[in-house]
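Structure, as structure tokens:
Atoms considered below: every heavy atom in the structure, side chains included; atoms not considered: hydrogens, waters and symmetry mates. Counting starts at 1 for both ligands and their atoms, in listed order.
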Amino acid sequence: MIAVGSDHAGYALKLAVIEHLKERGDEFEDFGCDSPESVDYPVYGKKVAEAVARGEYDRGILICGTGIGISITANKVKGIRAALCGDCFSAEATRLHNDANILAMGARSIGEGHALKIVDTFLDTPFSGEEKHQRRIDMIE
Ligand code: RB5
């Protein structure tokens, strides 16, 4: 189950991501926002991050203009490892090495086609489980 959220700048890309999740057959919940009207990204970053941290969702996807503000917000929540990714290599590596539980993307910095490939890579790559990576994740906490 995937929690998704965005601010106004990420709203259009979030709709495309939601359509993509439907096509993939992934279950999801949309935590808002619900229109392209200006809103504050911390509201949505926090909602999604807290829901993932409570264990109610396996992963989260957060989108704002740059992906920066919303990932900073999410990473304030204990247990959250939000990775801002603008390429598939980073999305794969952050799953393999960091066991990232939230993908953040910047709608103003990547195109839709690329973003959807990043989503696929993030959702389809398992954590490597390697001891050294788990040790480093434990050190973060
Ligand atoms: C909104 O204009 C923009 O500041 C926001 O979407 C995000 O990029 C912040 O980090």
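- The cationic atom of Arg95 (NZ for Lys, CZ for Arg) does not lie both less than 6.0 Å from the six-membered ring centre of Phe127 and within 45° of the ring axis.
- Salt bridge present: Lys78 and Glu141 bring a charged side-chain N and a carboxylate O closer than 4.0 Å.
- Ligand 1 is surrounded by Asp7, His8, Ala9, Tyr41, Cys64, Gly65, Thr66, Gly69, Arg108, each with at least one heavy atom closer than 4.0 Å.
- Annotation for Cys64 and Tyr41: closest pair CB-CB, 4.4 Å, computed over non-hydrogen atoms.
- Going from atom OH of Tyr44 over to atom CG of Asp30 covers 10.0 Å, rounded to the nearest 0.5 Å.
- Salt bridge absent: Lys14 and Asp7 never bring a charged side-chain N and a carboxylate O closer than 4.0 Å.
- Across Thr94 and Cys85, no two heavy atoms sit closer than the pair CG2-SG, 4.1 Å.
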